[in-house]
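Here is how names work: the chains are called A, B, and so on, in the same order as the sequence lines, proteins then strands, and each is numbered from 1.
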Amino acid sequence: MTDLNEPQRIAVAHESGPLLIFAGAGSGKTRTITYRIANLLATHRIAPYRILAVTFTNKAAQEMRHRLTSIVGEEIGRDLWIGTFHGTCAKLLRRHYEAAGLTSSFIIYDDADQKAVVNRLLRDLGLDDKQYAPKYVLSLIGAAKRDGIDPSETPLGDGFDRNLVKLGEEYQAVLKRSNAVDFDDLLLRVLRIVEDPDGPAGRELRRKFDHVMVDEFQDTNMVQYRIVRALSASTRNLCVVGDDDQSIYRWRGADVRIIRGFRTDFPETRIVKLEQNYRSTANIVSAALGVIARTSYREPKELWTAEPAGEPVVVRAVNDERAEASFVASTIQRSRQNGADPRSQAIFYRIHAQSRVLEEALRGAAIPYQIIGGMKFFERAEVKDMLSYLRLIENPQSDTDLMRVINVPARGIGGKTVSRLLDLAAENTNSLIVALEMALADSQFSGSANKKLKSFFDLLNDLRVAKESLTPAELLERILEQTGYRSLLEKDDTAESDARLENLAELVGSLREYEAEAPDTGEALTLAGYLERVALVAAVDTMEDAPAVSLMTVHSAKGLEFDQVWLTGMEEETFPYRGLDGEDPEELDEERRLAYVAITRARKQLFITHAGARFLFGRTKYLSPSRFLDDLPPEAVRREGEVTPRQSYLGGSSWGGASRGSSGRASPAWRSGYTPGGRNPGWDQTSQASAGGRVAQASLQLEPGERFVEREEGSDEAHVDADFDVSDGREPIVVRPGQKVRHKKFGRGIVERVESGTTPTVVARFPGYGPKRIVAEFLEFE
DNA sequence: TACAAGCGCCTTTTT
DNA sequence: GGCGCTTGTA
């Protein structure tokens, strides 16, 4: 511990009472917490199972446990309580399910499950899903729960809309019947238990831990805070670590005022500030400080570094997202040739939708990469089907899961039958499985429907019996066989079914992995344990230690660090992202903090790119550089490239605006602080055009529905090279041999021949299918 | 009842 | 661009 600086040493040694650590980016926070726990164990002889450390992701938890294990040994490391808020609460709830009105086999509903519940309620209650959009309903329910309010007890929506109140109540009722909890319930249930002065479970929990520690405390919400406060009420040994500058989850209910107000709740708290950054070069630190300095309120603190200036931060202007991607790919390529480790390279973007073009460029340059988050493995249909079977076997009352698989694979139970079953369940407020059992008992359905339902019911029972004697992975294999799911895919010998089979194999693999790993954390090997783990994985948890560049959103990057970082899409509207009500100054502050987080991830080199135009969500938008770029200190930065004028003629911010060619679109209000006239000539044009909202030049004006042919890479002359112009008068498409295309069924292919005629047709070759003649409009051109 | 195609919708960040 | 739902047809 001799390598610690003074504030770090104080934080480690502080052994009782509340402690608030403001830990700046790169200030050795993880090391400090780890040593602190090791110190509690070794010097103060605290029992490991009486220490709770809450981390932000499972990955962080894993790393912390790993580090501690290497210091204090495996046996002690295993007994420590280290996990995320949700993971920890799930674990506590597994022990005290009765106090929460659940059975031991309760399951966790994710967003998709929640949505399914609301949709079913809208159907049952005969409500309009436009007026009561599931997303909106769920956001109200979630907001209430994060305020500690259970919608089944306290009416939702300020007592105005009866239907909303009803939806809130019924939603909770369905979850209860399903023996399920959603993410917010997980926390709320534990809060109720731990704040209950009389219940035995609450009394037990309040005595359970000698020390409670919370990392990333700036991103906790009120319920989470109340939980840890209650858990540490008797000892007041609550140590919280965070950085208000890195608070980026306000939209999820996190409240930065909690960390700022901590000393009010705990007046005797000791405050430690870790302000020396050990991670980044001086140039990167000063770039970060430049951006964060303009936030409206910050806890006073001074991040500094003793590191040398290092390379300047490169700010690169490019024409569009393709040029951006090829810049990123080529600079990565170059550093790879200079021996850079791809593990320590990362590309960040504000939203997932930006990743596709980057991926393509990397693939084209043969650079190995991994994507963190985005379309997740566990969201694929076949994987969800199997998880539904597993969950249904664990917890037959889960209606959402029963609905999902009752006719998967197709077993002749159609919409009419299901609808009738739903009605039967609703009449007696039963879960579907109970309704089904009752209906079978007194033959409510006609001969054939009855038979099919019976065989489905029997199938589930068989599988439940099988569960007792099989490991989770074996059980999944059994499901794949017995439901006929696998043989169906095998029969359908297409590229798509092959991919699905592969995914299922991977799912079996993931179960096996669980079986192998569960003992490490002292976990009992159960199906419920696996399902819980699946429900609570975060995007970054899937990050592998492979020799590959990582691509992720800035949110996912929190807590990570890389030698080289490419921060893409630094334009107005992209970053800061133009939200639905983009005028909220608090939201702009949060975007600023998000940019700060992004910049401070870089150790040695930071490349920032911004494009003059970006094709996103099916539209080209013309964009000016992000205001955050104006806040970078010039001496730390090297500006490169420019946006060529052609790209900036259209001007104007254009969520659909530019294609109308109108000048009437006002700049968003929060843009008014932006001053045109930057240092780079390329910017001037863009920002002036944008600020003035000039009328688009006539020759480039587009009618609605029209768009230009996508350029071939590095060429403006696709028109000239074209062998054939497939055009329906509204959307010109250019096709020529060698062009890559995609078909819904055949997948990716290459055009061999183009045929003219009344309907434009091409002959394309698809791997695995051979050549096919296809009407052009059924193809996607890449 | 099952499947395929078409249409209309939305489009941040995630435990 | 992509998805989920609805519609139309075998």
Note to self: Using OP1 and OP2 only, check whether a side-chain N or O of N221(A) sits under 4.0 Å from dT15(B).
What the structure shows: no
Note to self: Measuring only between side-chain heavy atoms, which start at C-beta, is R250(A) closer than 4.5 Å to D589(A)?
What the structure shows: no
Check: Under 3.5 Å, is there a donor-acceptor pair linking the side chains of S510(A) and Y530(A)?
Finding: yes
Note to self: If you compare every side-chain N and O of H352(A) against the phosphate oxygens of dT14(B) (OP1, OP2), does one of them come in below 4.0 Å?
What the structure shows: yes
Next item on the list: Among dT15(B), dT12(B), dG1(C), find the nucleotide with the atom closest to the side chain of F615(A).
Entry: dG1(C)
Next item on the list: Starting from the 5' end of DNA chain B, give me the residue, T84(A) or I351(A), whose nearest nucleotide shows up first.
Entry: I351(A)
Notebook entry, point to check: Is Y577(A) stacked on the base of dT13(B), with ring centres under 5.5 Å apart and planes under 30° apart?
Noted result: no
Check: What's the CD1-P distance between I248(A) and dT12(B), to the nearest Å?
Finding: 17 Å
Margin query: What contact category does G412(A) fall into here, base, sugar-phosphate, or nothing, at under 4.0 angstrom with non-hydrogen atoms?
Written below: sugar-phosphate
Item checked: Short side-chain N/O contact from K135(A) to OP1 or OP2 of dT11(B), under 4.0 Å -> yes
Note to self: Regarding D185(A), tell me which of base, sugar-phosphate or nothing describes its non-hydrogen contacts under 4.0 Å with the strands shown.
What the structure shows: nothing
Note to self: Using only atom types and a distance under 3.5 Å, with no angle test, would you say the side chain of T600(A) pairs donor to acceptor with the backbone of V597(A)?
What the structure shows: yes
Next item on the list: Rounded to the nearest angstrom, tell me the gap between atom NE2 in H86(A) and atom C1' in dT14(B).
Entry: 9 Å
Note to self: For a quick check of understanding: with a heavy-atom distance under 4.0 Å over all strands, which category does Y249(A) fall into, base, sugar-phosphate or nothing?
What the structure shows: sugar-phosphate
Item checked: R356(A) vs dG1(C): side-chain N/O to OP1/OP2 distance below 4.0 Å -> yes
Note to self: Regarding Q114(A) and Y171(A), do their side chains bring together a donor and an acceptor under 3.5 Å, going by distance alone?
What the structure shows: yes
Check: Between dT13(B) and dG4(C), how far is it from one C1' atom to the other, in whole Å?
Finding: 23 Å
Margin query: Side-chain N or O of S556(A) versus OP1/OP2 of dT13(B): is the shortest distance under 4.0 Å?
Written below: no
Margin query: Can you measure R614(A) atom CZ to dT12(B) atom P for me and round it to whole angstrom units?
Written below: 16 Å
Next item on the list: Nearest-nucleotide wise, let me know which of L594(A) and A410(A) is further upstream toward the 5' end of DNA chain B.
Entry: A410(A)
Next item on the list: Would you please confirm or rule out a distance under 4.0 Å between OP1 or OP2 of dT12(B) and any side-chain N or O of T553(A)?
Entry: no
Check: Separation of D113(A) atom CG from dT15(B) atom C1', in whole Å?
Finding: 14 Å
Checklist line | Between dT14(B) (P) and D184(A) (CG): distance, integer Å | finding: 16 Å
Checklist line | N/O donor-acceptor pair under 3.5 Å between R189(A) side chain and A100(A) backbone | finding: yes
Note to self: Would you say the rings of Y249(A) and F56(A) are close, in the sense that their centroids are separated by under 6.0 Å?
What the structure shows: yes
Next item on the list: Provide, to the nearest angstrom, the distance between the CZ atom belonging to R404(A) and the P atom belonging to dG4(C).
Entry: 9 Å
Notebook entry, point to check: Roughly, in whole Å, what's the span from CZ in F56(A) to C1' in dT15(B)?
Noted result: 8 Å
Check: Nearest-Å distance, CG (L138(A)) to C1' (dT15(B))?
Finding: 15 Å
